[in-house]
There are 2 protein chains.
Amino acid sequence: MGASKLDIYSNDINQIAAVAKVFAHPARVAILQYISKQEACICNDIVDEIGLSQPTISQHLKVINNVGLLKGTFEGKSLCYCLNVKRFQELQTLFNQFFNQTKLNCC
Amino acid sequence: MGASKLDIYSNDINQIAAVAKVFAHPARVAILQYISKQEACICNDIVDEIGLSQPTISQHLKVINNVGLLKGTFEGKSLCYCLNVKRFQELQTLFNQFFNQTKLNCC
DNA sequence: ATTTATTATCGTAATATTGCAATATTACAT
DNA sequence: ATGTAATATTGCAATATTACGATAATAAAT
């Protein structure tokens with residue numbers, strides 16, 4: 001197998017898991033931290049900062065972008081990756097709701 | 001490859017990723033929700049509740065247990081899986097610290 | 001001791017993820 | 001138009017994850 005049986009879970013549960021997956025790789029956590037620290041939203045420096053190849057970083061950025069966490073001006077030579085703070089906040093709230101609801105029910 | 005290069009990241013970052021991985025599968029999210037709802041902390045019912053086989057559930061429980069999220073009396077026939085609420089709270093705090101710190105830095 | 005009920009482990013197949021080299025694309029500058 | 005600099009995509013190899021059937025292990029009850 002190897003594939004998760006997504007159809008047997010509720011949408012809420014699948015959403016939590018999908019979002020958690022973005023944070024489930026250290027490179028992506030490191031990228032998020034790094035781009036949030038950069039005032040001017042630097043770009044290829046991510047490759048230098050983290051010890052991975054450019055294609056690998058690009059791949060991770062795509063995953064981060066797929067949940068709407070990137071914001072920036074994408075203009076050829078001078079790209080600019082920024083953290084979408086509003087979306088970031090939404091995901092934090094999503095997690096907290098899950099944690100709080102689960103705690104509330106507990107014995 | 002397929003293996004993450006854990007040695008190039010800080011411990012903090014690896015910890016966030018490792019914890020997120022636990023929540024990155026819908027079965028584990030569903031299991032956590034379910035065991036928190038059960039007052040009497042029932043066990044094999046998880047298999048009936050979620051639509052997966054007993055070995056698969058057992059495997060997921062192991063992953064959940066590895067981050068210390070399980071608490072219970074493990075006595076042969078009448079096992080009892082409980083959510084370790086204290087640890088659950090710790091992980092929530094861990095996530096929130098990451099989110100808050102990252103937001104704080106942001107441009 | 002044997003049965004019974006419950007969970008864990010092993011072995012295996014299928015799919016997913018990670019990472020990189022090579023190449024393609026894009027947009028700016030000359 | 002050509003070159004350059006930066007990122008994206010493709011293709012591939014290695015490892016990880018997911019899932020299940022078969023089997024083992026454990027403890028209670030008879």
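Heavy-atom basis, side chains included; hydrogens, waters and symmetry copies ignored. Sequence lines set the chain letters: A, B, ... in the order given, protein chains first and strands last, and positions in each chain run from 1.
Residue order along DNA chain C, read from the 5' end via each residue's closest nucleotide, puts A:A27 first among A:P55 and A:A27. Comparing A:Q59 and B:T56 along DNA chain D, the residue whose closest nucleotide (by nearest heavy atom) sits nearer the 5' end is A:Q59. Of the two residues near DNA chain D, A:I57 and A:K21, the one whose nearest nucleotide lies more 5' is A:I57.
Listed nucleotides: D:dT9, C:dT9, D:dA19. Nearest to the side chain of B:K62: C:dT9. The side chain of B:H25 lies closest to D:dT18 when the candidates are C:dC20, C:dT9, D:dT18. With distances taken from any side-chain atom of B:S58 to the nucleotides D:dT7, C:dT9, C:dG19, the minimum falls on C:dT9.
Looking at B:N96 and A:F95, their side chains never come closer than 4.5 Å, going by heavy atoms from C-beta outward. Using a 4.5 Å heavy-atom threshold, the side chains of A:F23 and A:L69 count as touching.
Atom CD1 of B:I31 and atom P of C:dT7 are 12 Å apart (whole Å). One interatomic measurement links the two molecules: CG of B:L70 to C1' of C:dT7, which rounds to 13 Å at whole-angstrom precision. With rounding to whole Å, B:I50 atom CD1 is found 11 Å from D:dA19 atom P. One can place CG of B:N66 at 14 Å from C1' of D:dT17, the figure rounded to the nearest angstrom. D:dT7 atom P lies 8 Å from atom CG of A:D45, rounded to whole Å. Atom pair A:N65:CG and D:dT7:P shows a separation of 14 Å (rounding to whole Å applied).
In A:D48, the CG atom is crowded: over 12 heavy atoms of neighbouring residues, nucleotides or ligands sit closer than 6.0 Å.
Relative orientation of the A:H25 and A:H60 rings is tilted, given thresholds of 30° and 60° on the angle between their planes. Using a 30° and 60° split on the angle between ring planes, A:F98 and B:F88 fall in the perpendicular class, above 60°.
In the interface, the side chain of A:Q54 is not paired with the base of D:dA6 through any donor and acceptor atom under 3.5 Å apart.
Side-chain N/O atoms of A:H60 include none lying less than 4.0 angstrom from OP1 or OP2 on C:dT17.
The residue A:L52 sits close only to the backbone: its heavy atoms come under 4.0 Å of sugar-phosphate atoms, none of a base.
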